[in-house]
Amino acid sequence: MSKNQLLEPTPELSKALHANVVSDQSASSLVNRLRGKNKDLQTKSVDTYQQFWKNSENNNEKSRTNMYKTLTNTYYNLATDFYEYGWGESFHFARKSIGETLRESIRRHEHILFSSARIAPGMKVLDVGCGVGGPARECIRFTGAHVTGLNNNDYQIQRANIYAAKHKQENYSTFVKGDFMDMPFEDNSFDAVYAIEATCHAPVLKGVYSQMYRVLKPGGYFAIYEWCLTDKYDDNNELHRKLALDIEHGDGIAKLFSTQVALQAAKDAGFEIEVATDLAHETTIGNEIPWYADLDVGMINFNGLQGFARSQVGRIFTTNAVKLLEKVGIAPAGTYQVQEVLATAADSLVGGAKKEIFTPMYLIVGRKPMN
Ligand SMILES: CC(C)=CCC[C@@H](C)[C@H]1CC[C@H]2C3=C(CC[C@]12C)[C@@]1(C)CC[C@H](O)C[C@@H]1CC3
(Lines give C-alpha, C1' and ligand atoms only; values in the text may rest on other atoms or scores of the structure.)
Protein backbone atom coordinates (compact mmCIF):
# COMPACT_ATOMS: atom_id res chain seq x y z
CA MET A 1 0.00 0.00 0.00
CA SER A 2 1.43 3.38 -0.91
CA LYS A 3 0.72 6.78 0.62
CA ASN A 4 -2.31 7.44 -1.54
CA GLN A 5 -3.76 4.02 -0.76
CA LEU A 6 -3.98 4.79 2.95
CA LEU A 7 -7.57 4.77 4.14
CA GLU A 8 -8.31 8.28 5.41
CA PRO A 9 -10.14 8.26 8.77
CA THR A 10 -12.85 10.68 7.66
CA PRO A 11 -16.17 11.25 9.53
CA GLU A 12 -17.89 9.12 6.87
CA LEU A 13 -15.43 6.29 7.45
CA SER A 14 -15.97 6.48 11.20
CA LYS A 15 -19.73 6.41 10.74
CA ALA A 16 -19.57 3.38 8.45
CA LEU A 17 -16.90 1.58 10.49
CA HIS A 18 -18.76 1.86 13.79
CA ALA A 19 -22.29 2.07 12.38
CA ASN A 20 -23.73 -0.70 14.50
CA VAL A 21 -21.74 0.17 17.57
CA VAL A 22 -22.40 3.78 18.48
CA SER A 23 -26.14 3.57 17.97
CA ASP A 24 -26.31 0.77 20.51
CA GLN A 25 -25.57 2.03 24.01
CA SER A 26 -25.80 -1.45 25.46
CA ALA A 27 -22.98 -2.71 23.28
CA SER A 28 -20.54 -2.49 26.15
CA SER A 29 -18.83 -5.80 25.76
CA LEU A 30 -15.84 -6.03 23.47
CA VAL A 31 -17.37 -8.93 21.53
CA ASN A 32 -20.50 -6.93 20.76
CA ARG A 33 -18.43 -3.97 19.69
CA LEU A 34 -16.23 -6.07 17.41
CA ARG A 35 -19.26 -7.80 15.94
CA GLY A 36 -20.79 -4.40 15.15
CA LYS A 37 -17.88 -3.16 13.03
CA ASN A 38 -17.87 -2.94 9.28
CA LYS A 39 -15.55 -5.85 8.52
CA ASP A 40 -14.01 -4.51 5.33
CA LEU A 41 -13.31 -1.06 6.76
CA GLN A 42 -11.85 -2.49 9.97
CA THR A 43 -9.46 -4.70 7.96
CA LYS A 44 -8.43 -1.78 5.75
CA SER A 45 -7.94 0.47 8.79
CA VAL A 46 -5.62 -2.12 10.36
CA ASP A 47 -3.67 -2.28 7.08
CA THR A 48 -3.46 1.51 6.99
CA TYR A 49 -2.14 1.70 10.55
CA GLN A 50 0.41 -1.04 10.02
CA GLN A 51 1.73 0.63 6.84
CA PHE A 52 3.29 3.30 9.03
CA TRP A 53 5.44 0.68 10.71
CA LYS A 54 6.12 -1.87 7.97
CA ASN A 55 8.86 -1.66 5.39
CA SER A 56 7.09 0.71 3.10
CA GLU A 57 7.49 4.27 1.91
CA ASN A 58 5.38 5.40 4.89
CA ASN A 59 7.62 3.76 7.42
CA ASN A 60 9.77 6.62 8.51
CA GLU A 61 9.54 9.27 11.15
CA LYS A 62 9.02 12.03 8.59
CA SER A 63 5.96 10.36 7.02
CA ARG A 64 4.57 9.62 10.44
CA THR A 65 4.89 13.22 11.62
CA ASN A 66 3.59 14.59 8.29
CA MET A 67 0.61 12.25 8.49
CA TYR A 68 0.09 12.39 12.27
CA LYS A 69 -3.65 12.94 11.83
CA THR A 70 -4.15 9.78 9.75
CA LEU A 71 -1.83 7.81 12.03
CA THR A 72 -3.42 8.80 15.33
CA ASN A 73 -7.00 8.85 14.14
CA THR A 74 -6.69 5.40 12.60
CA TYR A 75 -5.07 4.16 15.81
CA TYR A 76 -7.98 5.38 17.95
CA ASN A 77 -10.56 4.01 15.50
CA LEU A 78 -9.01 0.63 16.25
CA ALA A 79 -7.90 0.92 19.89
CA THR A 80 -10.78 2.74 21.61
CA ASP A 81 -12.97 -0.33 22.20
CA PHE A 82 -10.01 -2.24 23.64
CA TYR A 83 -9.11 0.69 25.90
CA GLU A 84 -12.62 0.88 27.33
CA TYR A 85 -12.71 -2.89 27.77
CA GLY A 86 -9.36 -3.12 29.58
CA TRP A 87 -8.94 0.29 31.21
CA GLY A 88 -12.14 2.28 31.56
CA GLU A 89 -13.20 5.76 30.46
CA SER A 90 -10.03 7.72 31.31
CA PHE A 91 -7.20 6.84 28.98
CA HIS A 92 -4.19 7.59 31.13
CA PHE A 93 -1.92 6.26 33.87
CA ALA A 94 -1.56 7.20 37.54
CA ARG A 95 0.63 6.37 40.49
CA LYS A 96 -1.20 4.40 43.14
CA SER A 97 -1.19 4.18 46.87
CA ILE A 98 -1.47 0.92 48.77
CA GLY A 99 -5.03 -0.41 48.65
CA GLU A 100 -6.13 2.12 46.03
CA THR A 101 -7.97 0.82 42.96
CA LEU A 102 -6.89 1.82 39.46
CA ARG A 103 -10.03 3.93 39.06
CA GLU A 104 -9.45 5.73 42.36
CA SER A 105 -5.83 6.45 41.48
CA ILE A 106 -6.82 7.70 38.03
CA ARG A 107 -9.31 10.12 39.59
CA ARG A 108 -6.75 11.34 42.11
CA HIS A 109 -4.25 11.94 39.30
CA GLU A 110 -6.90 13.97 37.49
CA HIS A 111 -7.71 15.97 40.64
CA ILE A 112 -4.03 16.92 40.97
CA LEU A 113 -4.11 18.36 37.46
CA PHE A 114 -7.45 20.16 37.91
CA SER A 115 -6.16 21.74 41.12
CA SER A 116 -2.86 22.68 39.44
CA ALA A 117 -4.86 24.46 36.73
CA ARG A 118 -6.85 26.27 39.48
CA ILE A 119 -10.15 25.15 37.94
CA ALA A 120 -13.12 26.52 39.87
CA PRO A 121 -16.95 26.41 39.57
CA GLY A 122 -18.38 28.16 36.53
CA MET A 123 -15.06 28.38 34.68
CA LYS A 124 -14.84 27.61 30.97
CA VAL A 125 -12.22 24.90 30.60
CA LEU A 126 -10.63 23.18 27.60
CA ASP A 127 -9.60 19.50 27.67
CA VAL A 128 -7.21 18.96 24.75
CA GLY A 129 -7.37 15.43 23.32
CA CYS A 130 -10.25 14.42 25.58
CA GLY A 131 -10.60 10.74 24.59
CA VAL A 132 -14.09 9.46 25.39
CA GLY A 133 -14.39 12.20 28.02
CA GLY A 134 -13.54 10.36 31.26
CA PRO A 135 -11.34 13.17 32.69
CA ALA A 136 -13.77 15.88 31.45
CA ARG A 137 -16.66 14.22 33.31
CA GLU A 138 -14.55 13.99 36.45
CA CYS A 139 -13.48 17.63 36.07
CA ILE A 140 -17.14 18.66 35.97
CA ARG A 141 -17.94 16.57 39.06
CA PHE A 142 -14.84 17.74 40.96
CA THR A 143 -14.86 21.44 40.09
CA GLY A 144 -18.28 22.43 38.76
CA ALA A 145 -16.66 23.94 35.66
CA HIS A 146 -17.93 23.70 32.07
CA VAL A 147 -15.58 21.55 30.00
CA THR A 148 -15.09 21.61 26.25
CA GLY A 149 -13.41 18.44 25.04
CA LEU A 150 -11.40 18.74 21.83
CA ASN A 151 -10.77 15.57 19.88
CA ASN A 152 -10.00 14.76 16.26
CA ASN A 153 -11.50 11.28 16.39
CA ASP A 154 -15.18 11.07 15.48
CA TYR A 155 -15.76 7.74 17.19
CA GLN A 156 -14.39 8.98 20.52
CA ILE A 157 -16.56 12.10 20.27
CA GLN A 158 -19.60 9.91 19.69
CA ARG A 159 -18.69 7.82 22.72
CA ALA A 160 -18.10 10.99 24.80
CA ASN A 161 -21.56 12.32 23.88
CA ILE A 162 -23.18 9.01 24.81
CA TYR A 163 -21.48 9.10 28.22
CA ALA A 164 -22.34 12.80 28.76
CA ALA A 165 -26.03 11.97 28.24
CA LYS A 166 -25.78 8.95 30.53
CA HIS A 167 -24.27 11.14 33.28
CA LYS A 168 -26.71 14.02 32.63
CA GLN A 169 -23.80 16.36 31.96
CA GLU A 170 -24.96 17.73 28.60
CA ASN A 171 -25.23 21.26 30.01
CA TYR A 172 -21.74 21.12 31.44
CA SER A 173 -19.80 19.69 28.52
CA THR A 174 -19.35 20.10 24.78
CA PHE A 175 -17.29 17.78 22.63
CA VAL A 176 -15.78 19.40 19.57
CA LYS A 177 -14.13 17.73 16.62
CA GLY A 178 -10.88 19.40 15.65
CA ASP A 179 -7.13 19.29 15.22
CA PHE A 180 -5.23 20.48 18.28
CA MET A 181 -2.56 21.97 15.97
CA ASP A 182 -5.20 24.34 14.58
CA MET A 183 -7.91 24.69 17.21
CA PRO A 184 -11.41 25.81 16.16
CA PHE A 185 -11.67 28.34 19.02
CA GLU A 186 -11.33 32.11 19.38
CA ASP A 187 -8.27 33.64 21.03
CA ASN A 188 -8.52 34.12 24.84
CA SER A 189 -11.68 32.05 25.20
CA PHE A 190 -10.94 29.62 28.08
CA ASP A 191 -10.23 30.23 31.79
CA ALA A 192 -8.02 27.13 32.00
CA VAL A 193 -6.65 24.52 29.58
CA TYR A 194 -5.38 21.05 30.35
CA ALA A 195 -4.25 17.94 28.48
CA ILE A 196 -3.81 14.46 29.91
CA GLU A 197 -1.47 12.15 27.99
CA ALA A 198 -2.75 13.46 24.67
CA THR A 199 -0.42 16.10 23.27
CA CYS A 200 2.23 13.41 22.69
CA HIS A 201 0.31 12.74 19.46
CA ALA A 202 1.38 16.15 18.12
CA PRO A 203 4.06 16.31 15.42
CA VAL A 204 5.61 19.35 17.15
CA LEU A 205 4.96 20.12 20.83
CA LYS A 206 5.42 23.85 20.44
CA GLY A 207 2.60 23.81 17.86
CA VAL A 208 -0.01 22.35 20.21
CA TYR A 209 1.18 24.29 23.28
CA SER A 210 1.04 27.54 21.28
CA GLN A 211 -2.56 26.78 20.39
CA MET A 212 -3.34 26.15 24.06
CA TYR A 213 -1.69 29.48 24.86
CA ARG A 214 -3.66 31.30 22.16
CA VAL A 215 -7.10 30.12 23.34
CA LEU A 216 -6.31 30.65 27.04
CA LYS A 217 -7.33 33.94 28.68
CA PRO A 218 -4.49 36.09 30.05
CA GLY A 219 -3.75 35.03 33.62
CA GLY A 220 -5.23 31.56 32.98
CA TYR A 221 -3.48 28.28 33.79
CA PHE A 222 -2.20 25.53 31.51
CA ALA A 223 -1.57 22.08 33.06
CA ILE A 224 -0.49 18.94 31.25
CA TYR A 225 0.71 15.41 31.78
CA GLU A 226 3.12 14.76 28.91
CA TRP A 227 4.51 11.48 27.57
CA CYS A 228 8.28 11.97 27.29
CA LEU A 229 11.63 10.29 26.93
CA THR A 230 13.71 11.09 30.00
CA ASP A 231 17.34 12.24 30.34
CA LYS A 232 18.31 8.56 30.72
CA TYR A 233 17.22 7.84 27.14
CA ASP A 234 20.22 7.29 24.86
CA ASP A 235 19.55 7.36 21.15
CA ASN A 236 22.75 5.38 20.52
CA ASN A 237 21.45 2.51 22.63
CA GLU A 238 19.69 -0.05 20.43
CA LEU A 239 17.40 -1.30 23.20
CA HIS A 240 16.35 2.26 24.10
CA ARG A 241 15.61 2.98 20.45
CA LYS A 242 13.56 -0.21 20.12
CA LEU A 243 11.56 0.52 23.27
CA ALA A 244 10.82 4.07 22.07
CA LEU A 245 9.74 2.83 18.62
CA ASP A 246 7.54 0.13 20.17
CA ILE A 247 5.90 2.71 22.44
CA GLU A 248 5.24 4.88 19.38
CA HIS A 249 3.86 1.94 17.38
CA GLY A 250 1.81 0.55 20.25
CA ASP A 251 0.29 3.90 21.14
CA GLY A 252 -0.28 5.72 17.84
CA ILE A 253 2.48 8.28 18.34
CA ALA A 254 4.39 9.79 15.43
CA LYS A 255 7.42 10.78 17.52
CA LEU A 256 8.22 10.91 21.22
CA PHE A 257 10.04 13.97 22.53
CA SER A 258 12.22 14.46 25.58
CA THR A 259 11.22 16.21 28.81
CA GLN A 260 13.66 18.98 27.86
CA VAL A 261 11.99 19.51 24.49
CA ALA A 262 8.57 19.57 26.17
CA LEU A 263 9.61 22.13 28.77
CA GLN A 264 11.32 24.35 26.18
CA ALA A 265 8.22 24.10 23.95
CA ALA A 266 5.99 25.29 26.81
CA LYS A 267 8.36 28.22 27.48
CA ASP A 268 8.59 29.06 23.75
CA ALA A 269 4.81 29.01 23.50
CA GLY A 270 4.85 31.87 26.01
CA PHE A 271 3.92 30.25 29.33
CA GLU A 272 5.46 31.35 32.61
CA ILE A 273 6.38 27.96 34.04
CA GLU A 274 5.37 27.27 37.65
CA VAL A 275 5.95 23.50 37.80
CA ALA A 276 7.92 21.10 35.60
CA THR A 277 8.46 17.72 37.22
CA ASP A 278 8.31 14.02 36.44
CA LEU A 279 5.68 12.48 38.72
CA ALA A 280 6.84 8.98 37.77
CA HIS A 281 9.57 9.44 40.37
CA GLU A 282 7.30 10.87 43.06
CA THR A 283 8.01 8.91 46.23
CA THR A 284 5.80 10.83 48.63
CA ILE A 285 3.13 9.15 50.75
CA GLY A 286 0.26 7.92 48.61
CA ASN A 287 2.44 7.17 45.58
CA GLU A 288 4.00 3.89 46.61
CA ILE A 289 2.99 1.89 43.53
CA PRO A 290 4.47 2.79 40.12
CA TRP A 291 2.20 3.87 37.27
CA TYR A 292 2.91 0.79 35.15
CA ALA A 293 2.01 -1.75 37.87
CA ASP A 294 -1.36 -2.60 36.33
CA LEU A 295 0.29 -3.59 33.05
CA ASP A 296 3.00 -5.55 34.82
CA VAL A 297 0.82 -8.16 36.47
CA GLY A 298 2.31 -11.54 35.64
CA MET A 299 -0.37 -13.69 37.20
CA ILE A 300 -4.09 -13.76 36.64
CA ASN A 301 -5.61 -10.67 38.18
CA PHE A 302 -9.01 -11.45 39.71
CA ASN A 303 -9.88 -7.78 40.09
CA GLY A 304 -12.90 -7.94 37.79
CA LEU A 305 -12.94 -8.31 33.99
CA GLN A 306 -10.86 -5.16 33.45
CA GLY A 307 -8.27 -6.29 35.99
CA PHE A 308 -8.03 -9.64 34.23
CA ALA A 309 -7.81 -7.97 30.78
CA ARG A 310 -4.85 -5.85 31.91
CA SER A 311 -2.78 -8.73 33.29
CA GLN A 312 -0.27 -10.57 31.12
CA VAL A 313 -2.34 -13.76 31.30
CA GLY A 314 -5.45 -11.74 30.45
CA ARG A 315 -3.71 -10.21 27.45
CA ILE A 316 -2.75 -13.66 26.17
CA PHE A 317 -6.35 -14.79 26.72
CA THR A 318 -7.75 -11.76 24.84
CA THR A 319 -5.27 -12.25 21.99
CA ASN A 320 -6.35 -15.86 21.52
CA ALA A 321 -10.04 -15.08 21.98
CA VAL A 322 -9.85 -12.34 19.33
CA LYS A 323 -7.96 -14.74 17.04
CA LEU A 324 -10.78 -17.26 17.45
CA LEU A 325 -13.49 -14.62 16.93
CA GLU A 326 -11.72 -13.62 13.75
CA LYS A 327 -11.54 -17.23 12.56
CA VAL A 328 -15.25 -17.85 13.04
CA GLY A 329 -16.11 -14.55 11.35
CA ILE A 330 -17.42 -12.64 14.40
CA ALA A 331 -14.55 -10.16 14.56
CA PRO A 332 -13.25 -8.56 11.35
CA ALA A 333 -9.98 -9.86 9.93
CA GLY A 334 -7.08 -7.85 11.31
CA THR A 335 -8.62 -7.24 14.74
CA TYR A 336 -6.21 -9.69 16.29
CA GLN A 337 -3.34 -7.50 15.02
CA VAL A 338 -4.83 -4.61 17.00
CA GLN A 339 -4.63 -6.65 20.17
CA GLU A 340 -1.02 -7.52 19.27
CA VAL A 341 -0.18 -3.84 18.75
CA LEU A 342 -1.65 -3.14 22.20
CA ALA A 343 0.35 -5.97 23.73
CA THR A 344 3.46 -4.33 22.21
CA ALA A 345 2.34 -1.09 23.84
CA ALA A 346 2.00 -2.73 27.24
CA ASP A 347 5.37 -4.50 27.09
CA SER A 348 7.31 -1.49 25.80
CA LEU A 349 5.70 0.90 28.30
CA VAL A 350 6.67 -1.40 31.16
CA GLY A 351 10.14 -1.90 29.61
CA GLY A 352 10.65 1.84 29.14
CA ALA A 353 9.48 2.52 32.68
CA LYS A 354 11.80 -0.04 34.23
CA LYS A 355 14.77 1.38 32.32
CA GLU A 356 13.57 4.84 33.45
CA ILE A 357 13.84 6.14 29.89
CA PHE A 358 10.14 6.99 29.55
CA THR A 359 7.48 8.78 31.57
CA PRO A 360 3.76 9.30 30.87
CA MET A 361 3.45 11.94 33.60
CA TYR A 362 5.82 14.81 33.04
CA LEU A 363 3.77 17.51 34.73
CA ILE A 364 4.05 21.03 33.37
CA VAL A 365 2.01 23.85 34.88
CA GLY A 366 2.27 27.28 33.33
CA ARG A 367 0.45 30.59 33.27
CA LYS A 368 -0.35 32.92 30.43
CA PRO A 369 0.96 36.33 31.46
CA MET A 370 -1.63 39.01 32.18
CA ASN A 371 -0.36 41.17 29.33
C1 LIG B 1 -1.78 6.33 23.97
C2 LIG B 1 -1.83 7.32 25.05
C3 LIG B 1 -1.16 8.59 24.80
C4 LIG B 1 -2.47 7.09 26.23
C5 LIG B 1 -3.15 5.85 26.63
C6 LIG B 1 -2.53 5.24 27.87
C7 LIG B 1 -3.19 3.93 28.35
C8 LIG B 1 -4.61 4.20 28.81
C9 LIG B 1 -3.12 2.79 27.30
C10 LIG B 1 -1.69 2.52 26.85
C11 LIG B 1 -1.60 1.02 26.53
C12 LIG B 1 -3.01 0.51 26.64
C13 LIG B 1 -3.36 -0.94 26.80
C14 LIG B 1 -4.62 -1.29 27.26
C15 LIG B 1 -5.55 -0.26 27.83
C16 LIG B 1 -5.15 1.18 27.62
C17 LIG B 1 -3.64 1.40 27.74
C18 LIG B 1 -3.13 1.02 29.13
C19 LIG B 1 -5.06 -2.73 27.33
C20 LIG B 1 -4.92 -3.20 28.78
C21 LIG B 1 -6.53 -2.88 26.89
C22 LIG B 1 -6.98 -4.33 26.83
C23 LIG B 1 -6.09 -5.09 25.88
O24 LIG B 1 -6.50 -6.42 25.80
C25 LIG B 1 -4.64 -5.03 26.34
C26 LIG B 1 -4.21 -3.57 26.36
C27 LIG B 1 -2.73 -3.36 26.60
C28 LIG B 1 -2.36 -1.92 26.33
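Counting starts at 1 for both ligands and their atoms, in listed order. Residues take their numbers from the sequence shown, with the count starting at 1. Everything numeric here is computed off the predicted structure, so don't read it as measured data.
- Judged by the 6.0 Å distance and 45° axis criteria, K368 is not positioned over the aromatic ring of F190.
- A salt bridge links D347 to R315: one of the charged nitrogens lies within less than 4.0 Å of a carboxylate oxygen.
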Which donor-acceptor pairs under 3.5 Å do side chains of residues 216-229 form with protein atoms, sequence neighbours excluded?
residue: K217; atom: NZ; partner: D191; partner atom: OD1; Å: 2.9
residue: Y221; atom: OH; partner: E274; partner atom: OE1; Å: 3.4
residue: Y221; atom: OH; partner: E274; partner atom: OE2; Å: 3.0
residue: Y225; atom: OH; partner: H109; partner atom: O; Å: 2.7
residue: E226; atom: OE1; partner: T199; partner atom: OG1; Å: 3.4
residue: E226; atom: OE1; partner: C200; partner atom: N; Å: 3.1
residue: E226; atom: OE2; partner: T199; partner atom: OG1; Å: 2.6
residue: E226; atom: OE2; partner: Y209; partner atom: OH; Å: 2.5
residue: W227; atom: NE1; partner: E197; partner atom: OE1; Å: 2.8

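- Defined by atom type and a distance below 3.5 Å, a donor-acceptor pair is missing between the side-chain atoms of S90 and E138.
- Classification of the W53-H249 ring pair by plane angle, with boundaries at 30° and 60°, yields parallel.
- Y292 and F93 have their aromatic ring centers separated by at least 6.0 angstrom.
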Which atom pairs, nitrogen or oxygen on both sides, join ligand 1 and the protein at under 3.5 angstrom?
residue: ligand 1; atom: 24 (O); partner: Q339; partner atom: OE1; Å: 2.8
residue: ligand 1; atom: 24 (O); partner: Q339; partner atom: NE2; Å: 3.2

